[in-house]
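Following: one structure in structure tokens, then a few remarks.
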Amino acid sequence: MDLLKELKENFGYRAFRRGQQEVIESVLSGSDTLAMLPTGTGKSLCFQLSGYLLEGQVIIVSPLLSLMQDQVEQMKVKREKKAIAINSFLSFPEKKRALERLHAFKFIFISPEMLSNPDIREAVENLDVSLFVIDEAHCISQWGPDFRPHYLLLGEIRKGLGNPAVLALTATATKEVRDDIKNVLHFKEHNEIVYSVDRRNITLTVEKVDTHQGKINKLIDYAASLTGPGVIYFSSRRLAEELASLLREKGIENVTHYHGGMEQEERILIQQQFLTNKLRIICATSAFGMGINKENIRFIIHFHFSSSLEAYLQEIGRAGRDGNESAAIVLFTEQDLSLPLHLMEGELPFDHQIEGFVNLHESKSADELYSALQLSESQYRFLDHYVHDYSGNDPARQSQKIKQLRDERLRYKKEKLVSMVKWMHADSCRREGILRYFDEKMEDRPADCCDICGFEVKNLHTYETAAEVIPELDWEKRLEKILMG
DNA sequence: CGGGAGGTATTTAGATACCTCCCGGTGCTCTAAT
């Protein structure tokens, strides 16, 4: 088959980007495929073109509603009408109608939660699915075991679909995480297509500061002196808000905050304004990022460091997609370690909660369990998921098993955190450190590599400011469309 | 665990010092009430 010809006919492009052809060839050969391609490679083209060249339907599992809506919308702009997103944006009658005529669609976007619903499963199991795509597949490993356990059911769901070929797409996954993904999805004969995670145009800097106030002062300096669009990451919603308003008080314009506690509409609006250069700096929690396709982000500052090197790489990887020089700066104090540790521990159930749950879950409702054991949502989900795995055992044994699982998970997360902290404290090249973590070797050092290699932020090339504000997109209509489906 | 808010004591009427308490991220979906 002449893939180039198909590319030209279907998309009007004359050449593939790096990795795309290889992925499509693997998918068309019928093998399961795990593709790790750098951000901005055009991963969705891989499953779209493959879909056109295969007989049956394509199911795409996506972690975020906004991501799904966006992809469907983009496909519709390109005159692909046979794409639909099945999610909670649909009203009950809309959902019912969509399920009745699901066979009429070629590309079906869906969340792992929705896909686990028995009615939906029945509907999709009647389809003729030729490709099962998992977008942002690292979520399986990053979120599956506690935050979003439905990710762990995808292997079973695949079986129900008649074992179609799988395409798992991600930009950052260590070898360990890739193995995890393959296990959960029950990979059979497969190809792994892995490209380097190195982003040569992003310089890496870690700055140790003595106090919290010292970090704030540094942040103000950077926000005032760095040009171009940037994102500042925080691990607290309150601080993201406070620092955004402090920066505005200091005369820095077009700054706002963004986090998961805000209204969906407001979040979409901020993304749009950032994309069109009406906002320059976003003070955000980790909620900001996935699905942000902005070419000219010039800097990413971490006011709080990420809880793993993978997450860090995802976050800084949003900079410099246009290939121009960009900066990643971590500001840290030794005291910063307590917050992520605390968050990790609070996410999983404590001993007494495990024991209580094991004893009470059969006689009490979910609401009663929540209040009797003072459970958070993620603690409840963890317990609810694993209590069934050991239902044959006596309560003491059951509790012991669940505690073991919790300890393992906690250890796993702490190890990731420790790798991040060690990396920040290291006195050897930062780029080499990251590449080593991903089992890569550095071939060729870029000129502006990292602070250890002699790079100083003050020498950062002054960029052409993206002064040009992109003409008013009709965001209100867009917003309405996204919200109304 | 650390930072911020708010209260109290101290010392002398506005401000500082110290204590205690509280809070802290990521997203999906369903249901019930409006």
Side-chain angles (χ1 to χ4, degrees), chain A residues 61-69 85-92 94-96 109-121 135-136 138-154 209-216 233-243 246 257-264 267-268 283-292 302-308 310-312 314-315 332-348 365-367 374 376-382 384-385 413-414 416-417 421 485:
Chain A
V61 177
S62 170
L64 296 185
L65 300 180
S66 59
L67 208 60
M68 283 182 228
Q69 298 293 114
I86 306 287
N87 57 39
S88 57
F89 284 166
L90 299 179
S91 66
F92 184 75
E94 282 172 334
K95 191 169 132 194
K96 190 159 169 267
F109 292 81
I110 193 162
S111 67
E113 287 82 5
M114 194 59 102
L115 200 48
S116 308
N117 171 306
D119 292 344
I120 308 276
R121 270 183 83 164
D135 201 7
E136 309 285 355
H138 56 276
C139 292
I140 290 177
S141 186
Q142 190 183 318
W143 284 348
D146 35 49
F147 187 48
R148 293 177 68 178
H150 292 100
Y151 261 106
L152 301 185
L153 304 178
L154 292 176
V209 185
D210 286 334
T211 62
H212 183 75
Q213 189 55 47
K215 278 205 309 192
I216 294 177
Y233 277 108
F234 297 84
S235 302
S236 140
R237 293 173 177 183
R238 187 176 48 79
L239 271 177
E241 289 189 16
E242 280 176 15
L243 269 291
L246 183 65
H257 64 266
Y258 182 105
H259 56 67
M262 297 161 69
E263 292 296 324
Q264 187 81 249
R267 291 174 63 167
I268 293 172
C283 295
T285 61
S286 57
F288 189 77
M290 246 192 261
I292 305 286
H302 280 82
F303 188 86
H304 291 130
F305 55 82
S306 319
S307 52
S308 70
E310 286 108 303
Y312 176 67
Q314 287 266 345
E315 285 157 2
F332 92 102
T333 72
E334 295 293 345
Q335 296 89 308
D336 291 344
L337 192 60
S338 62
L339 180 58
L341 270 177
H342 183 86
L343 289 174
M344 273 174 197
E345 279 165 7
E347 186 179 30
L348 293 161
S365 70
D367 280 351
Q374 296 281 300
S376 71
E377 210 177 328
S378 72
Q379 289 171 326
Y380 176 84
R381 265 192 319 255
F382 184 89
D384 188 53
H385 185 82
K413 292 184 136 188
K414 281 186 182 170
K416 300 239 164 207
L417 183 65
V421 175

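None of the values given here were measured: they were computed from a predicted structure. Convention: sequence-line order gives letters A, B, ...; per-chain numbering from 1.
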### Earlier contact from the 5' end, DNA chain B, for A/Lys95 and A/Gln335
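Looking at the nearest nucleotide for each, A/Gln335 comes out on the 5' side.
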### Task
Nearest-nucleotide wise, let me know which of A/Ser88 and A/Glu347 is further upstream toward the 5' end of DNA chain B.
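The residue mapped nearer the 5' terminus is A/Glu347.
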Under a 3.5 Å limit for both distances, which nucleotide forms a Watson-Crick or G-U wobble pair with [N], could you say?
N	answer
B/dT31	none
B/dA13	none
B/dC21	B/dG4

Any base atoms under 4.0 Å from [X], or only sugar-phosphate, or nothing? Heavy atoms, all strands.
X	value
A/Arg267	sugar-phosphate
A/Pro63	sugar-phosphate
A/His259	sugar-phosphate
A/Glu377	base
A/Leu65	sugar-phosphate
A/Leu64	sugar-phosphate

Quick check for you: to the nearest 0.5 Å, what is the distance between [X] atom [atom1] and [Y] atom [atom2]?
X	Y	atom1	atom2	value
A/Arg121	A/Asp119	CZ	CG	12.0 Å
A/Phe288	A/Glu315	CZ	CD	11.5 Å
A/Lys96	A/Leu90	NZ	CG	14.0 Å
A/Leu152	A/Trp143	CG	CH2	13.5 Å

### Query
Among the nucleotides B/dG24, B/dC30, B/dG27, which one has an atom lying closest to any side-chain atom of A/Ala287?
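Per side-chain heavy atoms of A/Ala287, the pick is B/dG27.
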### Query
If you check the A/Leu343 side chain, which of B/dC30, B/dG25, B/dG27 turns out closest?
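Ranking B/dC30, B/dG25, B/dG27 by closest atom to the A/Leu343 side chain puts B/dG25 first.
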Given the [atom1] atoms of [N] and [M], what is the spacing between them in whole Å?
N	M	atom1	value
B/dT20	B/dT26	C1'	31 Å
B/dG14	B/dA9	C1'	15 Å
B/dC21	B/dG25	C1'	22 Å
B/dT11	B/dA17	C1'	11 Å
B/dG27	B/dA5	C1'	30 Å

### Query
May A/Phe147 be described as stacking on the base of B/dT26, applying a 5.5 Å centroid limit and a 30° limit on plane angle?
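Here the ring of A/Phe147 and the base of B/dT26 are stacked, with centres under 5.5 Å and planes under 30°.
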### Message
I'd like to know if A/Lys413 pairs up with A/Glu345 as an ion pair, taking the criterion as any Lys NZ or Arg NE/NH1/NH2 lying under 4.0 Å from an Asp or Glu carboxylate oxygen.
### Response
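So A/Lys413 does not pair with A/Glu345 through a salt bridge.
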### Task
Indicate yes or no: does A/Glu377 engage A/Arg381 in a salt bridge with an N to O separation below 4.0 Å.
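Salt bridge flag = yes for A/Arg381 with A/Glu377.
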Quick one: [X] [atom1] to [N] [atom2], roughly how many Å, whole number?
X	N	atom1	atom2	value
A/Met290	B/dG25	CE	P	17 Å
A/Gln314	B/dT26	CD	C1'	12 Å
A/Phe89	B/dG27	CZ	P	12 Å
A/His342	B/dC22	NE2	P	13 Å

#### Entry: Donor-acceptor contact below 3.5 Å, side chain A/Ser62 vs main chain A/Phe109
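Checked: no pair found.
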Reckon [X] has a side-chain N or O less than 4.0 Å from the OP1 or OP2 of [N]?
X	N	result
A/Ser236	B/dG3	no
A/Ser307	B/dG25	no
A/Asn117	B/dC30	yes
A/Arg148	B/dT29	no

### Task
Please confirm whether any donor atom in the side chain of A/His212 sits under 3.5 Å from an acceptor in the base of B/dG3, or the reverse.
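No pair found.
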